[in-house]
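Scroll down for the structure; my scribbles are underneath it.
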There are 2 protein chains.
Amino acid sequence: MSKEKAGEVTTKQRLMEAAEELFANEGFESVSVREITSRAGANVAAVNYHFGSRTGLVNAVIERYIEPMNQERLRQLTALERRGEASVEEIVETFMRPFAKLVSRSELSERLFAKLMGRTFGGGVALLPESVVVSFGELARRYRKAFGKVLPGLSDADCYWRLHFMVGAMVHTLAHGDMLQKVTGGRCGNPGIDEVLGRCIRFVAAGIREGVDAEPAGKRAGKTVKKVAAKPQEEFDF
Amino acid sequence: MSKEKAGEVTTKQRLMEAAEELFANEGFESVSVREITSRAGANVAAVNYHFGSRTGLVNAVIERYIEPMNQERLRQLTALERRGEASVEEIVETFMRPFAKLVSRSELSERLFAKLMGRTFGGGVALLPESVVVSFGELARRYRKAFGKVLPGLSDADCYWRLHFMVGAMVHTLAHGDMLQKVTGGRCGNPGIDEVLGRCIRFVAAGIREGVDAEPAGKRAGKTVKKVAAKPQEEFDF
DNA sequence: GTCTATAAAGTGATAGAC
DNA sequence: GTCTATCACTTTATAGAC
């Protein structure tokens, strides 16, 4: 906190970088403080000095990316809506892609960074810092609002559950891409993260649209605005 | 292995039951042998005597359900196909529902059993016993074949990735249903597992069908466009 | 099959010298 | 800020009595 020159890599940073890699590869629970300090070339006491505790480091690692990522999601979603009526695919894309923009902040490879993001949710609510839960609450409300505009026939409960399925598909894809490779013996091809996310976006968009008739004409990248009769049956605190 | 009367509950069984509950609640990695033996009312050495090691117990717990569940899936899928041409929803259902039939084998509540199933995959490939990976390999080939019949335009790679997304949506739903409750503050309603799975099935079925039924050629932004006409370019060992 | 006792190593955390 | 040394446990696993 006190001394931090320009291009200098502090111990704190090195600890976080080492932790990210280990957490991505082995999960947040199965990495010891000693493994982290050892890989970071730091002293065993460094984690407790800089982060207060092991949990403090875990939270720092998670918050470092989740917050900026969620901000980027909101930014992209708002920008998208400003350009006119958005397609379901485009909205889903603003949720799925932003993680890719954050890769550059880390020393991790894209694949490893993807695993890290996936593991963040694969661990369950118990793992997540409260701030992250709150952040996702806001995000959920915001996306519910966005989908409500495009798919007026979609109920709140339906929308939230479909968002949940979306997160599941994404998390599993990011965290366990290797599982599919192993299970299929490579018959799923070996696409990069970008293409996989593209496939996932199309899959999810179809799921979200399912059974809801009222969507503007343009399915993809279409900007034809066609307002469907308003259906304000439900009122919420958006 | 030697003495096992009719209605008697052996130590081995009690150990597995205790382990299931703890694994479901806290994950496979974060439960110690002592917690298990203590809850089972058994001696600390019992796990090593009956299962060889902690890992042996984990594998036993996983295999106890995964194998019968996958068998039930295959059974239901085959039965479904015998009745005539199946819908995508029906095929997906044979994958998602069988877990519910297995609940009765356990002392766990349906919700807890669901969590256990979800955690089994949330842990990644590394956690899974080799036999389970093999079993899922067969399952993937079988389902690919089933979907190939109903959706001839679906390529191998597309189908396998969509199956992967399906597993992700299902696993996340089963393991982390509480996450959605917390994040939305209850605005997703409080449906039982049956209804949630129903929603998930419709969501997934739409995703699997995407771009295959409706439109001959995918109109996505830039990447691979799959052909709908017969394409025997690839040959696999089905 | 079940028990105690114990091994051998690992865990997060901290006091205090530098 | 960084280090060593150490505390106070916990971990899995096992040898050997019963």
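- Applying the ring pair (Phe, Tyr, Trp, His ring centres under 6.0 Å) test to every pair with at least one member in residues 36-75 of chain A, sequence neighbours left out, gives these pairs: Tyr65(A)-Phe113(A).
- Regarding contacts with the backbone of dG1(C), every side-chain N or O of Thr11(B) stays at 4.0 angstrom or more from both OP1 and OP2.
- Every residue two or more places apart in sequence or in another chain was checked for a side-chain hydrogen bond (donor to acceptor under 3.5 Å, both in side chains) with Glu17(B), and none qualifies.
- To the nearest angstrom, P of dT2(C) lies 11 Å from CZ of Phe51(B).
- Taking the six-membered ring for Trp and the full ring otherwise, the centers of Tyr143(B) and Tyr160(B) sit at least 6.0 Å from each other.
- Across residues 15-25 of chain A, not one residue has a non-hydrogen atom less than 4.0 Å from an atom of DNA chain D.
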Give me the distances for all protein-to-nucleotides 7-11 of chain C N/O pairs that come in under 3.5 Å?
unit_1	atom_1	unit_2	atom_2	d
dT11(C)	OP1	Ser32(A)	OG	3.2

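- Remark: Glu195(B) pairs with Arg199(B) by the salt bridge (Lys or Arg N to Asp or Glu O under 4.0 Å) rule, at least two apart or across chains.
- Applying the salt bridge (Lys or Arg N to Asp or Glu O under 4.0 Å) criterion to Arg75(A), with sequence neighbours excluded, gives Glu72(A).
- One atom, CD1 of Ile36(B), and another, C1' of dA13(D), lie 14 Å apart when rounded to the nearest Å.
- Every residue two or more places apart in sequence or in another chain that forms a salt bridge (Lys or Arg N to Asp or Glu O under 4.0 Å) with Arg64(A) is listed here: Glu20(A).
- Residue pairs meeting the ring pair (Phe, Tyr, Trp, His ring centres under 6.0 Å) criterion with at least one partner in residues 168-202 of chain A, sequence neighbours excluded, are His172(A)-His176(A), His172(A)-His164(B).
- Within residues 41-50 of chain A, the residues approaching DNA chain C are Ala45(A), Asn48(A), by heavy-atom distance under 4.0 Å.
- Residue pairs that meet the salt bridge (Lys or Arg N to Asp or Glu O under 4.0 Å) test with at least one member in residues 115-139 of chain B, sequence neighbours left out, are Lys182(A)-Glu130(B), Lys115(B)-Asp178(B).
- Residues meeting the side-chain contact (heavy atoms from CB on, under 4.5 Å) test with Ala18(B), sequence neighbours left out: Ile36(B), Arg39(B), Ala40(B).
- When the side-chain contact (heavy atoms from CB on, under 4.5 Å) test is applied to Ser135(B), the partners found at least two apart in sequence or on another chain are Glu67(B), Asn70(B).
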